[in-house]
Amino acid sequence: RDDAALMLANIYLRQRKADEAAKVLTAIKADSSAYRYAMFNLGVAQLQLQQTPASDQTFGQLLQMPSSLESEKALRDRTLLAQGYDLLRQQQFDNAVARLRQVRLNGPYANNAMLGLGWAYARNKQFPEAIAPWQTLAQRSHADLAVQEGRLALPYAYQQMQALAEALDAYTSALNSFDQEIGQIDLAINSVRDGETLKNLLARLPEHRDTAATDDVVLTREGEQIYLGRVLTSHEFNASFHRYQALRQMRDNMADWQRRLPVYTDMLVNHQRRFSERI
């Protein structure tokens with residue numbers, strides 16, 4: 001029931017029906033395993049309703065909870081990120097900096113936090129301070145959207161400081177990285193069109209049963225890991241993948257019976273012959 005309530009709340013949030021989402025989420029009790037996620041979504045709903053004091057209280061309660069599991073730490077980072085970006089929207093730049101600096105550098109939300117941290121400094125006209133997080137961000141995977149934006153924000157900060165040579169170098173570096181990513185995307189598209197990706201996936205099917213998902217399939221061709229990985233772990237692909245596995249299993253069963261049927265036919269003929277002789 002709690003999982004269903006979370007899903008229903010997510011639907012309401014996507015439909016911008018934050019008041020309906022809040023009603024659903026408040027029904028989830030504190031002893032539920034879904035309570036932390038309900039608290040986070042409730043804070044998001046309150047932000048959509050522009051109930052900033054209420055969202056601060058909800059997020060504050062969530063941040064006070066002990067976090068030992070990786071999923072709990074990630075949710076804490078996400079909470080800090082949501083608060084930081086909302087403070088950025090409210091132009092409370094110092095408070096936004098304080099929140100975003102608490103996000104872990106090795107967590108799943110680090111890139112977005114560094115991007116927001118740079119913008120909080122930049123909007124506050126602190127361009128030298130904005131350069132540090134954006135420089136760190138520029139060294140990360142270029143396929144990440146936050147990294148791509150950071151690579152363009154970095155030369156912007158140099159421009160504002162009148163460091164035009166550094167700005168030109170940073171723009172050139174960003175252009176080269178975008179060209180590389182376009183090449184990676186083209187490789188991924190071509191690997192789908194020529195069927196190699198499907199062949200690589202199907203070659204691993206004997207290791208996967210009908211309950212297996214594709215998130216543990218390692219792609220080996222260049223350009224596949226990042227872009228096609230997102231496709232392979234999507235719900236739509238996995239649903240189709242499971243249907244294909246069911247069809248493959250049915251085909252294997254039919255092939256097995258095709259091998260067995262001649263034996264059963266021979267046995268039946270022998271039984272009929274012996275029975276006729278006995279009669």
Looking just at side-chain N and O atoms, do Arg243 and Ser240 make a donor-acceptor pair shorter than 3.5 Å? yes
Would you say Asp86 and Gln90 are linked by a side-chain donor-acceptor pair, where the criterion is simply a distance under 3.5 Å? yes
Are Leu88 and Phe93 side-chain neighbours, meaning at least one heavy-atom pair lies under 4.5 Å? yes
What heavy-atom pair brings Val97 and Ala120 nearest, and what distance separates the two atoms? CG2-CB, 3.7 Å
If hydrophobic clusters are built from ILVMFWY residues whose side chains come within less than 4.5 Å, do Leu25 and Val44 share one? yes
Is it possible for you to say whether Tyr37 and Phe59 belong to one hydrophobic cluster, with membership spreading through side-chain heavy-atom contacts below 4.5 Å? yes
Those residues at least two apart in sequence (or on a different chain) that pass side-chain contact (heavy atoms from CB on, under 4.5 Å) with Arg251 are Arg248
Are Tyr85 and Tyr109 connected, step by step, through hydrophobic side chains (Ile, Leu, Val, Met, Phe, Trp, Tyr) whose heavy atoms are closer than 4.5 Å? yes
Closest non-hydrogen atom pair, Pro133 against Met114: CB-O, 3.7 Å
Tell me if a side-chain donor or acceptor on Thr26 pairs with a main-chain N or O of Ala22 at a distance below 3.5 Å. yes
Looking at Ser55 and Leu47, what are the two nearest heavy atoms and their distance? OG-CD2, 3.3 Å
Could you check if a side-chain atom of Glu20 sits within less than 4.5 angstrom of a side-chain atom of Lys23, using non-hydrogen atoms only? yes
Cluster partners of Val263, using ILVMFWY side-chain heavy atoms under 4.5 angstrom, listed by chain and number? Trp257, Tyr264, Met267
For the atom pair CG (Leu261) and CE (Met254), what is the distance rounded to the nearest 0.5 Å? 10.0 Å
How far apart are the closest heavy atoms of Ala9 and Ala21, and which atoms are they? O-CB, 3.7 Å
Would you mind reporting whether Leu81 and Leu100 have side-chain heavy atoms less than 4.5 Å apart? yes
Validation row: Leu63, Gln83 side chains within 4.5 angstrom (heavy atoms): yes
Show your reasoning for whether side-chain contact (heavy atoms from CB on, under 4.5 Å) applies to Glu129 and Asn124. CA-CA 10 Å; Glu129 288 80 1; Asn124 210 22; over 6 Å; no
How about CZ on Arg101, more than 12 heavy atoms from neighbouring residues, nucleotides or ligands closer than 6.0 Å, or not? no
Compare all side-chain heavy atoms of Glu166 with those of Leu154 and state whether any distance is below 4.5 angstrom. no
Would you call the rings of Trp119 and Tyr156 parallel, tilted or perpendicular if under 30° counts as parallel and over 60° as perpendicular? tilted
Rounded to the nearest 0.5 angstrom, the CZ-OG distance for Arg36 and Ser67 is 5.0 Å
Kindly check if the number of other-residue, nucleotide or ligand heavy atoms within 6.0 Å of CD (Gln258) is above 12? no
The test is side-chain contact (heavy atoms from CB on, under 4.5 Å); show your working for Met65 and Tyr35 and say whether it passes. CA-CA 11 Å; Met65 295 180 182; Tyr35 182 67; 3.3 Å; yes
Can you give me the closest heavy-atom contact between Ala18 and Ala45, atom names plus distance? CB-O, 3.4 Å
From CD (Gln46) to CD (Gln57), nearest 0.5 Å: 8.0 Å
Given the rule that I, L, V, M, F, W and Y join up when any side-chain heavy atoms are under 4.5 Å apart, are Leu145 and Leu175 in one cluster? no
Heavy-atom distance under 4.5 Å between the side chains of Trp134 and Leu115, does that happen here? yes
Does atom CZ of Arg89 have more than 12 heavy-atom neighbours from other groups under 6.0 Å away? yes
Reference residue Arg274; test side-chain hydrogen bond (donor to acceptor under 3.5 Å, both in side chains); the match among Gln272, His271, Glu277: His271
Between CG of Asp179 and NE2 of His142, what distance do you get to the nearest 0.5 Å? 12.0 Å
With no hydrogens and no angle check, just 3.5 Å: does a side-chain donor-acceptor pair link Gln48 and Tyr12? no
Would Gln102 and Arg76 satisfy side-chain contact (heavy atoms from CB on, under 4.5 Å), going step by step from the backbone distance to the final call? CA-CA 10 Å; Gln102 295 180 56; Arg76 176 182 173 83; 4.1 Å; yes
Test item: Ile28 and Leu6 side chains (from C-beta on) under 4.5 Å apart, heavy atoms: yes
Gap separating the CG atom of Leu137 from the CG atom of Asp144, nearest 0.5 angstrom: 7.5 Å
State yes or no: do Phe40 and Val24 share one hydrophobic cluster built from I, L, V, M, F, W and Y residues joined by side-chain heavy-atom distances below 4.5 Å, directly or via other members? no
Applying side-chain contact (heavy atoms from CB on, under 4.5 Å), run through Arg123 and Gln91 and close with a yes or a no. CA-CA 8 Å; Arg123 298 279 170 81; Gln91 298 185 359; over 6 Å; no
How about Gln15: does its CD atom have over 12 heavy atoms from other parts shown lying under 6.0 Å from it? yes
Keeping Asn190 on the side-chain end and Asp186 on the backbone end, is there a donor-acceptor pair under 3.5 Å? yes
Within-4.5 Å side-chain heavy-atom neighbours: Tyr121 and Leu117: yes
Atom pair CG/CD of Leu75 and Glu72 - distance to nearest 0.5 Å: 8.5 Å
Shortest non-hydrogen contact from Asn112 toward Ala146: OD1-CB, 3.4 Å
